[in-house]
Protein chains: 2
Amino acid sequence: MNIGDVSTRSGLPAKTIRYYEDIGLIKPHRSENGYRCFVEADLHKLAFLGRARALGFTIEECRLLMALYEDESRASGDVKQLALEHLRKIETKIADLQAMRETLTELVQCCAGDNRPDCPILKDLAGQTDLPEQGVKA
Amino acid sequence: MNIGDVSTRSGLPAKTIRYYEDIGLIKPHRSENGYRCFVEADLHKLAFLGRARALGFTIEECRLLMALYEDESRASGDVKQLALEHLRKIETKIADLQAMRETLTELVQCCAGDNRPDCPILKDLAGQTDLPEQGVKA
DNA sequence: CTTGACCTTCCCTTGACTGGAAGCCCCATA
DNA sequence: TATGGGGCTTCCAGTCAAGGGAAGGTCAAG
């Protein structure tokens, strides 16, 4: 298999596949003409990586997960711990974004959104808050 | 004011303030010795930027917001539109992260997390899903 | 033989900074 | 007056996970 086929079948861009080789996540063989030559196992690894990345694991976490996957004597507890740590990071991000969403939603609701220049959103950003009985939201 | 004072008062690192000057968000004067010399208006702008960034606006969005802020004849509708677009992006991100969280939570719940190698998390990543009556989650 | 699709490497760009090195500047203390 | 320490300057490199694009080699069809 050439990189184009692998790209199609894995759903990963060729650029990404080359990048994953660069950083040592996969090690495809080479044909005589210098083309990368992938076997099913490579495709399988790439699919694994694609799914792990889609779940938001960083590249380094993916590297660890792959190592665990290939280690027949792994402890599932190690995998679970990695997943739990990642889960906590995701939850933190969600909370941060939700806080932003709340503040923005309030600001948007307070803004007339017409042709007049008076704008509570800008006022808030400028530090002269305009919101009705709103506590400080750091 | 030197950069250190502005950094303290705005809460932004000096590095960030220099960066904001580099990309043209602020234009502090210079003292004879070459030091940046900030006035209250600069501090005010930096605080504005800090708040907008904390709400997740990109630098380019901040640039637009600042321009609107300084434009006395702006229409609040323009600001509101910018905020609404940003709000939608935030909501998309939240939804993506929530999907990750759900999948990860399920996987974590299915994993014994002990010393045995059998691990539903790895199985799922490898494409051989193991979850009880679970539809495909792309 | 030529065209066009595919492949290769290489380097640059992204966003929003952060870190660090090398070198002035300024003030206080010995 | 020396010197020490902190603050300031610029510039360069690195982060993360790729994406863009150039220059050139390879291959199969017409």
NZ/NE/NH1/NH2 to OD/OE distance under 4.0 Å, B:Lys89 and B:Glu61 | yes
If you look at every strand shown and take non-hydrogen atoms under 4.0 Å, does B:Arg53 touch a base, only sugar-phosphate, or nothing?
-> sugar-phosphate
With heavy atoms under 4.0 Å as the rule, sort A:Tyr20 into base, sugar-phosphate or nothing.
-> sugar-phosphate
Just by distance, with hydrogens left out, do B:Glu102 and B:Gln98 show a side-chain donor and acceptor under 3.5 Å apart?
-> no
Which nucleotide sits closest to the side chain of [X]: [options]?
X	options	value
B:Ile3	D:dC8, C:dC17, D:dA18	D:dC8
A:Ile59	D:dT10, C:dT8, D:dA17	D:dA17
A:Arg30	D:dT10, C:dA16, C:dT9	C:dT9

Is any side-chain nitrogen or oxygen of [X] closer than 4.0 Å to OP1 or OP2 of [N]?
X	N	value
A:Arg36	C:dT9	yes
B:Thr16	C:dA16	no
A:Asn33	D:dC27	yes

How close or far is atom [atom2] of [N] from atom [atom1] of [X], stated in whole angstroms?
X	N	atom1	atom2	answer
B:Arg18	D:dC11	CZ	P	12 Å
B:Asp22	C:dG15	CG	P	15 Å
A:Tyr19	C:dC10	OH	P	17 Å
A:Asp5	C:dC6	CG	P	10 Å
B:Ile17	D:dT9	CD1	P	10 Å

Would you mind telling me which of A:Leu46, A:Leu12, A:Asp42, A:Ile26 makes a side-chain contact (heavy atoms from CB on, under 4.5 Å) with A:Val6?
-> A:Leu46
Worked check of side chain to side chain contact (heavy atoms under 4.5 Å, CB included) between B:Ser10 and B:Ile17 = CA-CA 10 Å; B:Ser10 69; B:Ile17 297 171; 4.1 Å; yes
The answer to which of A:Lys15 and A:Phe57 contacts DNA chain D further toward the 5' end, by nearest nucleotide, is A:Phe57
